[in-house]
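Only one structure is covered here, and it is reproduced in the block below.
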Amino acid sequence: MHGDTIVALSSPPGTSGLAVLRVSGPACLSLIEIHLGRKVCQLRHVYYGAFREGGSGKGRSVIDGPEVEYGDGRVVDDGPDMGAQAESSGVAGQGLGSTGESGVIDALGADSRGKLSVNEGPNSASAARSAASENLRVVPSLPRPNPGEIIDRLNFVYFAAPASSTGEDVLELYPHGNMLLVERILKNLLTHPEVRLAHPGEYTRRAFENGKIDLLQAEAVGELIHAETAAGIRNAQRIVGGALSAPLKSLRDALLDVSARLELDVDFSEEEADPDFASWLPRIESVHASLHSLMEGFEQGRSLARAPRIAIVGAPNAGKSSLINALVQEDRLLVSEIPGTTRDYVDVPLRLPGGLIHLVDTAGLGKPVDGLDALAMERTRRQWSRADATVWVEDGSTLAGGSMDKRGGGESMGGPDGSLNREDLSGEISLRLRTKSDLPEHTSHPGYLSVSSLTGRGLPEFRQRLNDLVFHKREAGEALTLATERQFRAVEAARGRVEAALELLRGKPAIEILAFEVREAAGHLKELLGEISSDEVLQKIFAGFCIGK
């Protein structure tokens with residue numbers, strides 16, 4: 001348990017129906033009494049009440065927490081006589097900014113000595129000049145507290161330790177999602193000396209340190225927040241629920257059991273017969289097979305969690321950019337009747353039922369007119385070869401590209417002039433479209449889907465086929481996988497030790513060396529689960545989390 005209390009906004013900043021503020025630590029009950037007027041709360045019950053202004057005359061910066069004073073801004077001398085004010089500055093007692101809600105500290109302007117800058121106001125320039133002295137600091141103006149004033153009426157829930165997400169007392173507040181209200185509530189919470197802003201991932205780290213979750217589950221929380229696909233979300237949810245921890249703990253226990261027996265044989269090696277190495281071989285081989293299986297599925301699992309890239313390719317002026325604009329329902333890409341408008345690839349996100357995908361608009365393929373055109377086409381082919389799937393787009397008002405044209409030595413894909421041949425293509429084509437189906441001269445073709453970017457005809461079917469193409473296969477082959485590079489490296493290290501143990505068992509090993517290898521393999525699994533971990537490793541893991549998680 002930690003002695004301090006942390007608070008942070010757990011919902012994204014911005015306007016919303018509700019926001020979520022989370023407090024964790026021993027000061028929760030005190031905050032409820034001061035600001036919400038309740039001394040006793042039933043656990044895990046939702047209450048509706050008024051959050052009131054506190055009565056403290058001091059506060060903390062919302063950004064980095066230095067203590068400041070409410071009231072009129074002034075310049076204070078931090079030299080040998082700490083109490084002396086800079087009377088000669090000419091700004092003592094004058095306001096350094098607005099005395100309303102906007103008069104908040106710009107703590108990002110604080111230097112290494114803790115000097116603070118404030119929002120610009122009538123006297124901000126003179127205050128800054130006066131504060132330039134080595135021993136002067138600016139005490140900015142903040143809204144004077146009005147004890148008892150209602151800031152917002154909101155819902156709140158109290159969770160008592162250890163039956164909470166962090167294992168500590170937890171208070172969750174659900175004010176209206178206006179950032180002016182949220183910031184004012186946050187400032188009031190931070191007036192208390194035991195309360196500070198949370199660090200990135202600190203809630204999850206406290207849950208780990210208090211034994212609520214292991215390190216695998218903690219990392220999966222971050223993966224769950226940032227997963228771009230439904231498959232990635234499901235995998236992270238299963239790990240958070242302990243589905244990966246259980247088999248790994250079983251493997252750890254198996255290795256620890258073998259290690260204990262080996263250590264026993266080392267201690268009594270002079271009193272007993274030769275160890276029965278043959279009986280240990282199947283158990284260690286089973287552990288090795290399980291670790292190998294986890295490693296094999298890692299790359300596949302990582303590809304399932306990331307958003308797939310879909311290359312949109314075709315001849316110049318085929319309607320690729322117009323198609324993407326219609327799919328995302330905004331003028332995201334420049335569209336012109338002049339062929340070759342797109343010179344470089346552009347990545348555009350699109351959300352489908354199965355998750356997020358990235359549509360890659362590319363330069364048209366055909367006969368290059370100059371060196372720049374040739375370079376643009378080379379980039380198109382490169383994107384095509386790297387894409388998870390490719391959509392070929394043709395102008396539906398021209399001759400269908402599926403017709404045979406031997407002028408270039410292959411099947412023409414670039415229109416009636418035969419400018420683009422099969423040997424120019426960079427990979428497989430997943431879907432074929434013919435655009436401009438709203439035009440009278442449009443012709444359909446077997447194997448092609450007709451669409452209109454202008455009227456939207458065929459786009460719902462195209463979206464569904466695209467979703468099935470990139471996500472159905474993922475769901476069919478979905479299996480529980482490791483979520484992070486750290487997890488993969490730990491399993492890899494454990495497998496390496498197990499392989500060394502297997503090599504020893506196939507001969508006549510020294511029992512001490514065999515015991516060492518098995519013990520080291522178990523140690524790597526302990527590191528994986530967080531049973532052995534350095535503060536540096538934990539800091540690196542949780543630094544990538546958002547502040548409110």
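Throughout, numbering of the chain's residues begins at 1 and tracks the sequence.
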Is the side chain of [X] donor-acceptor paired with the backbone N or O of [Y] at a distance under 3.5 Å, no angle test?
X: Asp169; Y: Cys28; result: no
X: Ser321; Y: Asp361; result: no
X: Thr191; Y: Asn188; result: yes
X: Arg486; Y: Leu528; result: yes
X: Asn467; Y: Gly354; result: yes
X: Gln217; Y: Asp214; result: yes
X: Asn178; Y: Leu180; result: yes

Practice task
Carefully, step by step, assess Asp4 and Val195 under the rule side-chain contact (heavy atoms from CB on, under 4.5 Å).
Solution key: CA-CA 6 Å; Asp4 55 352; Val195 180; over 6 Å; no

Which heavy-atom pair separates [X] from [Y] by the least distance, and what is that distance?
X: Leu9; Y: Ala19; result: CD1-CB, 4.1 Å
X: Glu168; Y: Asn210; result: CG-ND2, 3.5 Å
X: Val170; Y: Ser164; result: CG2-OG, 3.6 Å
X: His176; Y: Val182; result: O-CG2, 3.8 Å
X: Leu43; Y: His45; result: O-ND1, 2.8 Å

Practice task
Answer with yes or no whether the side chains of Thr166 and Ser24 bring together a donor and an acceptor at under 3.5 Å.
Solution key: yes

Exercise for the section: Not counting sequence neighbours, which residues clear salt bridge (Lys or Arg N to Asp or Glu O under 4.0 Å) with Glu285? List them please. Expected result: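 None.
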
Practice task
Output all residues satisfying salt bridge (Lys or Arg N to Asp or Glu O under 4.0 Å) with Glu202, sequence neighbours left out; order by chain, then residue number.
Solution key: Arg196, Arg206

Handout entry: Selection residues 13-35 - residue pairs positive for salt bridge (charged side-chain N to carboxylate O under 4.0 Å, His left out), sequence neighbours left out
Key = Arg22-Glu172

Practice task
Using side chain to side chain contact (heavy atoms under 4.5 Å, CB included) as the criterion, point out the one residue from Leu469, Val313, Leu466 that pairs with Val391.
Solution key: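 Result for side chain to side chain contact (heavy atoms under 4.5 Å, CB included) with Val391: Leu466.
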
Check whether any side-chain heavy atom of [X] lies under 4.5 Å from a side-chain heavy atom of [Y], and answer yes or no.
X: Leu352; Y: Phe471; answer: yes
X: Val157; Y: Leu171; answer: no
X: Phe51; Y: Leu36; answer: yes
X: Val393; Y: Val451; answer: no
X: Pro308; Y: Thr229; answer: yes
X: Leu248; Y: Leu294; answer: yes
X: Leu433; Y: Glu394; answer: no
X: Ile284; Y: Val498; answer: yes

From [X] [atom1] over to [Y] [atom2], what is the distance, rounded to the nearest 0.5 angstrom?
X: Leu529; Y: Leu251; atom1: CG; atom2: CG; answer: 9.5 Å
X: Asn235; Y: Ile233; atom1: CG; atom2: CD1; answer: 11.0 Å
X: Leu154; Y: Leu18; atom1: CG; atom2: CG; answer: 9.5 Å
X: Leu459; Y: Gln464; atom1: CG; atom2: CD; answer: 13.5 Å
X: Leu244; Y: Lys249; atom1: CG; atom2: NZ; answer: 10.5 Å
X: Thr481; Y: Phe298; atom1: OG1; atom2: CZ; answer: 8.0 Å

Fill in the blank from the handout: Here the side-chain hydrogen bond (donor to acceptor under 3.5 Å, both in side chains) pairs for residues 519-530, sequence neighbours left out, are Glu263-Arg519

Run the ring pair (Phe, Tyr, Trp, His ring centres under 6.0 Å) test against [X] and tell me which residues pass, sequence neighbours left out.
X: Tyr158; answer: none
X: Phe462; answer: none
X: Phe156; answer: Tyr47

Below 3.5 Å, can you tabulate the donor-acceptor pairs from side chains in residues 489-497 to any protein atom, sequence neighbours excluded?
unit_1: Arg489; atom_1: NE; unit_2: Glu485; atom_2: OE2; d: 2.8
unit_1: Arg489; atom_1: NH1; unit_2: Glu492; atom_2: OE1; d: 3.0
unit_1: Arg489; atom_1: NH2; unit_2: Glu485; atom_2: OE2; d: 2.7
unit_1: Arg495; atom_1: NH1; unit_2: His292; atom_2: ND1; d: 2.8
unit_1: Arg497; atom_1: NH1; unit_2: Glu517; atom_2: OE1; d: 3.1

Handout entry: Sequence-distant partners of Val20, side-chain contact (heavy atoms from CB on, under 4.5 Å), two or more places apart
Key =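 Partners of Val20 by the side-chain contact (heavy atoms from CB on, under 4.5 Å) criterion, ordered by chain and then number, come out as Ser10, Ser11, Tyr174.
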
Practice task
Can you sort out the partners of Leu356 under side-chain contact (heavy atoms from CB on, under 4.5 Å), two or more places apart, ordered by chain and number?
Solution key: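 If we apply the side-chain contact (heavy atoms from CB on, under 4.5 Å) test to Leu356, skipping adjacent residues, the hits are Glu228, Ala307, Pro349, Arg351, His358.
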
Practice task
Apply side-chain contact (heavy atoms from CB on, under 4.5 Å) to Val240 and Ile213, showing your working.
Solution key: CA-CA 8 Å; Val240 170; Ile213 54 176; over 6 Å; no

Problem - Electrostatic pair Asp152-Arg184, nearest N-O below 4.0 angstrom - result: no

Practice task
List the steps and the verdict of side-chain contact (heavy atoms from CB on, under 4.5 Å) for Arg432 and Leu449.
Solution key: CA-CA 6 Å; Arg432 292 175 171 83; Leu449 177 64; over 6 Å; no

Practice task
Return the set of residues passing side chain to side chain donor-acceptor pair (under 3.5 Å) with Thr455 (not counting sequence neighbours), or none when no residue passes.
Solution key: Ser452

Exercise for the section: With sequence neighbours excluded, tell me which residues meet side chain to side chain donor-acceptor pair (under 3.5 Å) with Thr484. Expected result: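 Thr484: side chain to side chain donor-acceptor pair (under 3.5 Å) contacts with Glu219.
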
Problem - Full working for side-chain contact (heavy atoms from CB on, under 4.5 Å) between Val258 and Arg283 - result: CA-CA 8 Å; Val258 172; Arg283 298 182 65 183; 4.0 Å; yes

Practice task
Describe, in one word, how the ring planes of Trp392 and Trp384 are oriented to each other, choosing from parallel (under 30°), tilted (30 to 60°) and perpendicular (over 60°).
Solution key: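 Geometry flag for Trp384 against Trp392: tilted rings.
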
